[in-house]
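Reviewing the structure listed below.
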Amino acid sequence: MSSPEPTPPTIGVFDSGFGGLTVLRALIARMPRARFSFLGDTARLPYGSKSRRTIARYAVESAQFLVREQGAEFLVIACNTASALALDAIQDAVPVPVLGVIEPGAASARAASQTGDVLVIATDATVRSHAYSEACQAQGLRALEKACPLLVPLVEEGWTDHPVTAEVIRIYLNELNADAAARGLRPDTLVLGCTHYPLLRPLLERSVPPGVRVIDSAEAAAESAARLFNGRVRPAGDQPNAQTAGQPTEIHCFATDSVEKFQHLGSRFLGYPVGPVQLIDLGG
Ligand code: DGL
């Protein structure tokens, strides 16, 4: 007789905006039977241009909402900025395990890089924290980080395949590659250190020098989360895909600003309709 399926956990996932839906998409692919509550703190976005103190306050309030109001038993911080500047504050504020995206991203870069030199693009706050440099150094890698503050607004605008975005990417990557060459680095890996950037992956892949691999911290974080849940959620490969089997994954979406915009753009990030979105107020 087969053993009864374990009760699926409730996993809370949050980002400052829609970008974290790229992590949610990767989580669902690996754990389609878990129950997910996703919060996009869209009213207070961007986090990436703010101070550590403000980011920590916003991130803790978002985390507490998911744990206290949604009963999340586990949190995935689907935002590099919040992971870089507020992981400790979140862990101190909620009584559940919390996974950020920086360590999985650095581990993935380690697995991909032959030369040991990696490039990281991220928000201004993430770069100023040097969280990626430290995580990469712990993996024996040298990381060169660059803030790309124009990319998040372009993605939030839906300009993911637009000539202006392509030109902005070209300029940022030219500057980063010139800096790497001046330092004598031989980078073979580019880490997308912001969960908004996977939406720009096709444009980014066209702009990196040949032979440079693009690493998505969203995929790496979902892989780590799935490993942590081993035993509580059967892996995706063991069961029919929940969506194709007519058993949709249970997803509850919350936003702190326009639910219409969340539904419209969020579906693009998730890859299919996000369903009903509930407006919540976390204060200013
Ligand atoms: N998605 C966030 C990240 O991964 C950045 C967005 C923002 O600046 O709020 O860093």
Side-chain angles (χ1 to χ4, degrees), residues 12-27 38-63 75-87 89-90 98-106 108-109 120-133 135 143 145-160 165 168 172 190-201 204 214-222 224-225 253 255-258 261-262 265-266 268-270 282:
V13 183
F14 93 87
D15 181 29
S16 54
F18 310 105
L21 289 167
T22 59
V23 179
L24 180 61
R25 178 165 65 182
L27 287 165
F38 181 92
L39 168 62
D41 192 8
T42 43
R44 304 191 289 192
L45 173 133
Y47 281 14
S49 57
K50 297 191 169 71
S51 67
R52 180 184 294 272
R53 195 179 153 161
T54 301
I55 293 164
R57 178 163 69 83
Y58 290 175
V60 162
E61 286 167 359
S62 299
L75 283 186
V76 178
I77 312 305
C79 174
N80 287 268
T81 308
S83 300
L85 291 114
L87 194 60
I90 298 167
V98 182
L99 178 78
V101 285
I102 306 273
E103 303 291 333
S108 235
V120 181
I121 53 172
T123 65
D124 197 36
T126 300
V127 167
R128 274 188 283 112
S129 77
H130 295 301
Y132 264 106
S133 281
E145 302 157 290
K146 180 164 182 65
C148 301
L150 295 176
L151 296 185
V152 167
L154 287 167
V155 171
E156 291 278 327
E157 201 50 45
W159 284 22
T160 51
T165 313
V168 169
Y172 279 145
L190 173 70
V191 178
L192 308 187
C194 172
T195 53
H196 281 66
Y197 299 173
L199 267 282
L200 301 173
R201 194 177 183 124
L204 286 159
V214 177
I215 297 295
D216 179 346
S217 64
E219 289 292 333
S224 297
C253 285
T256 53
D257 197 10
S258 167
K261 187 172 179 194
F262 191 102
L265 276 183
R268 184 184 299 191
F269 281 81
L270 193 58
L282 293 178

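Order of appearance sets the numbers: ligands from 1, and atoms from 1 within every ligand. The analysis underlying the following values was restricted to heavy atoms, covering all of them including side chains, and did not include hydrogens, waters or symmetry mates.
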closest protein heavy atom to atom 8 (O) of ligand 1 is Gly48 N, 2.8 Å

Location of contacts on Asn80 toward ligand 1, heavy atoms closer than 4.0 Å = both

Residue Pro46 vicinity, atoms of ligand 1 by number, heavy atom under 4.0 Å | 7 (C), 8 (O), 9 (O)

Give a yes-or-no answer on whether the side chains of Thr54 and Ser51 include a donor-acceptor pair shorter than 3.5 Å.
-> yes

Which is it for Val101 and ligand 1 at heavy atoms under 4.0 Å: side chain, backbone, both or neither?
-> neither

Quick one: look up the protein heavy atom nearest atom 10 (O) of ligand 1 and list residue, atom name and how far away it is.
-> Thr81 OG1, 2.6 Å

Heavy-atom nearest neighbour of atom 2 (C) of ligand 1 within options Cys79, Gly20, Pro153 = Cys79

Does CZ in Arg201 sit with more than 12 non-hydrogen atoms of other residues, nucleotides or ligands closer than 6.0 Å?
-> yes

Look only at the side chain of Thr160 and the backbone of Val155, and say whether a donor-acceptor pair between them is shorter than 3.5 Å.
-> no

What atoms of ligand 1 come closer than 4.0 angstrom to any heavy atom of Tyr47?
-> 7 (C), 8 (O), 9 (O)

Ranked by distance from atom 6 (C) of ligand 1, the top protein heavy atom is Ser16 OG, 3.2 Å

Should the pair His196 and Phe269 be assigned to parallel (<30°), tilted (30 to 60°) or perpendicular (>60°) ring geometry?
-> perpendicular

